[in-house]
Amino acid sequence: MNPHALEVLHRVFGYATFRGEQAAIVDHLIQGGDSLVLMPTGGGKSLCYQIPALVRDGTAIVVSPLIALMQDQVDALTQLGVAAAYLNSSLSAQAQREVEQRLLRRELKLLYVAPERLLGERTLELLERVPVSLFAIDEAHCVSQWGHDFRPEYRGLNLLHQRFPNIPRIALTATADAPTRGEIVERLALEDARQFISSFDRPNIRYNVVQKDNARRQLRAFLESHRDESGIVYCLSRKKVDETAAALVEDGIEALAYHAGMDQAARSSNQQRFLREDGIVMVATIAFGMGIDKPDVRFVAHLDLPKSMEGYYQETGRGGRDGLPAEAWLCYGLGDVVTMSQMIAQSESGQDRKRVERAKLEALLGYAEATGCRRQLLLGYFGEKAAAACGNCDNCIDPPRTWDATEVAQKALSAVYRTGQRFGVGHLVGVLRGEDNDKMRSWNHDKLSVFGIGQDLDARQWSGVFRHLVAAGLLAADHEGYGTLHLTETSRAVLKGETRIWMRHEAAKDERRAERKAA
Ligand code: ADP
Ligand code: ZN
């Protein structure tokens with residue numbers, strides 16, 4: 001290990017040791033090698049180029065797509081006494097000239113630049129007049145058309161290699177499956193770069209999924225177990241963010257709201273309070289979190305389903321960045337599955353995109369309904385094999401008992417079929433339980449063979465059965481938003497008894513949790 005690098009780590013950043021692959025990456029870059037770094041959010045990517053920037057001669061140029069993020073990083077570095085600045089469209093002409101002057105006077109160790117700015121001839125010429133220590137390309141997946149964040153400006157960055165062939169480059173990203181990784185290498189001409197691929201495992205995060213039954217009560221109970229701790233509660237809609245935050249405040253919890261519909265001043269003031277104060281619960285849409293670097297977030301709760309495993313991983317990854325225990329809690333129910341399917345169906349995306357989105361949602365539902373180790377599933381999704389069950393997720397800690405629900409599933413599917421595939425869960429459960437009401441009689445559903453065949457389960461259990469069937473793709477919701485269910489291609493195999501269905505005992509889980517708490 002380069003002794004200067006360690007010295008800088010201690011003296012400037014105040015950290016005792018490098019984490020994971022950091023040491024190897026820093027060494028490689030200091031020696032002038034190119035690299036591609038794949039490291040999960042919170043893994044510590046910034047130090048990988050910040051330390052070489054301080055050890056090598058000249059100014060490090062950091063390409064970053066997010067203006068807010070640049071500013072945060074520069075502020076943080078300045079506080080540590082590092083000479084850093086940024087160039088982007090948020091600066092006045094005067095301020096830009098000042099930064100350029102500091103660069104020419106060789107005062108800067110790091111300069112953050114927006115890609116479109118970097119590629120302007122004026123900036124390129126400027127860079128040719130000063131010693132550049134390295135180029136860091138943050139969020140490198142933005143160069144990939146198949147990634148979720150494509151930015152055309154990133155395409156031009158291969159020019160760096162042509163124009164500055166002797167200056168080492170490091171490309172960094174937290175999201176890159178193998179095809180995206182390949183595209184990054186190709187687009188940025190990093191064929192000879194060494195690849196550093198870190199595990200995505202966040203062992204200190206405990207994963208926990210609960211079935212929604214009374215979300216507000218469940219959230220309250222969850223927050224009770226995280227009293228006075230900082231955390232984030234994600235909701236799908238702005239309206240729900242506002243309502244949830246208000247309800248929590250009413251309960252005496254220090255909750256703040258954050259979503260893109262709020263005015264800029266309120267948003268940034270809430271964000272600042274969350275970052276600076278202890279024990280604040282931030283209720284937010286996913287607009288919140290990009291670039292939020294708060295080490296002691298102790299929990300991330302989802303009151304609605306995220307859109308994909310990638311989203312879920314990123315959002316939960318904001319917890320426990322300090323390495324201490326954190327909890328990822330997902331509360332979901334049938335309504336969420338239906339809502340998400342409808343959102344996809346009704347979106348403006350083309351057919352191909354919709355197919356991708358549906359596959360992503362299905363993967364997430366598979367995770368939510370899983371009876372085995374959740375971490376294994378999560379890591380498996382990102383192409384990693386986790387050796388053993390983790391011991392730090394709900395299913396490992398409290399293995400769910402499963403039961404053969406094939407017959408019950410057949411009853412549910414028959415009820416859907418016999419009623420013409422145009423009713424929602426409420427009515428279907430009524431049919432199965434043999435409820436006598438006007439709607440039942442007016443449709444003559446009390447005359448059906450399926451009427452009253454499901455009295456052995458209560459309404460809540462039936463609702464769980466339907467949720468499982470929708471999550472497993474054995475039933476699908478209509479696209480118009482009425483919540484009616486219809487059979488799918490795969491339902492037939494269950495109806496014919498060719499596929500067996502296993503479900504978890506849900507009530508049992510809640511009860512056991514309560515017992516553990518009491519003990
Ligand atoms: P990323 O960019 O990969 O999401 P960051 O670079 O923002 O991650 O780092 C995440 C957090 O981890 C930050 O709070 C950072 O200060 C901290 N960190 C990074 N490296 C170390 C280290 N070697 N020792 C202690 N803390 C570290
Ligand atoms: Zn596990």
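Since the model is a prediction, treat every value here as computed from it, not as a measurement. Order of appearance sets the numbers: ligands from 1, and atoms from 1 within every ligand.
In this structure, atom 9 (O) of ligand 1 lies nearest to the protein heavy atom Gly44 CA, 3.4 Å. Here the heavy atom of the protein found nearest to atom 11 (C) of ligand 1 is Asp293 OD1, 4.0 Å. Nearest protein heavy-atom neighbour of atom 4 (O) of ligand 1: Gly42 N, 2.6 Å. Here the heavy atom of the protein found nearest to atom 12 (O) of ligand 1 is Arg19 NH1, 3.2 Å. Scanning the protein for heavy atoms near atom 24 (N) of ligand 1, the closest one is Tyr15 CG, 3.5 Å. In this structure, atom 20 (N) of ligand 1 lies nearest to the protein heavy atom Gln22 NE2, 2.9 Å.
Here the two rings, on Tyr258 and Phe274, have centers that are 6.0 Å apart or farther.
Taking the ring axis of Tyr367 as reference, the NZ or CZ atom of Arg374 stays within 45° of it and closer than 6.0 Å to the ring centre.
No side-chain donor-acceptor contact under 3.5 Å links Ser199 and Asp201. Side-chain N/O atoms of His259 and Thr285 include no donor and acceptor closer than 3.5 Å. Between the side chains of Glu327 and Asn208, at least one donor-acceptor pair of N or O atoms lies under 3.5 Å. Counted by atom type alone, Gln211 and Tyr332 present zero donor-acceptor pairs between their side chains at under 3.5 Å. Side-chain polar atoms of Gln73 and Gln50 form a donor-acceptor pair below 3.5 angstrom. With hydrogens and angles left out, the side-chain atoms of Arg56 and Gln31 include no donor and acceptor closer than 3.5 Å.
Numbered from 1 in the order shown, with element, the atoms of ligand 1 that lie under 4.0 Å from a heavy atom of Phe18 read 23 (N). Ligand 1 places these atoms under 4.0 Å from at least one heavy atom of Ser46: 2 (O), 5 (P), 6 (O), 7 (O).
Here the Zn ion (ligand 2) has protein N, O or S atoms under 2.8 Å from it, and they come to 4.
Using a 4.0 Å heavy-atom cutoff, Met39 is absent from the residues neighbouring ligand 1. Contact between Thr17 and ligand 1 is present, with at least one heavy atom of the residue lying under 4.0 Å from the ligand. Residue Gly43 places a heavy atom less than 4.0 Å from ligand 1.
At a 4.0 Å heavy-atom cut-off, ligand 1 touches Pro40 through the backbone alone.
Scanning all heavy atoms of the two residues, the minimum distance from His161 to Ala189 falls at CD2-CB, 3.8 Å.
Of the candidates Gln50, Arg318, Lys45, it is Lys45 that places a heavy atom closest to atom 2 (O) of ligand 1.
For the pair Lys212 and Asp336, the salt-bridge criterion is met [side-chain N within less than 4.0 Å of a carboxylate O]. We find that Glu224 and Arg227 are joined by a salt bridge, their nearest charged nitrogen and carboxylate oxygen being less than 4.0 Å apart.
Arg217 CZ: more than 12 foreign heavy atoms inside a 6.0 Å radius.
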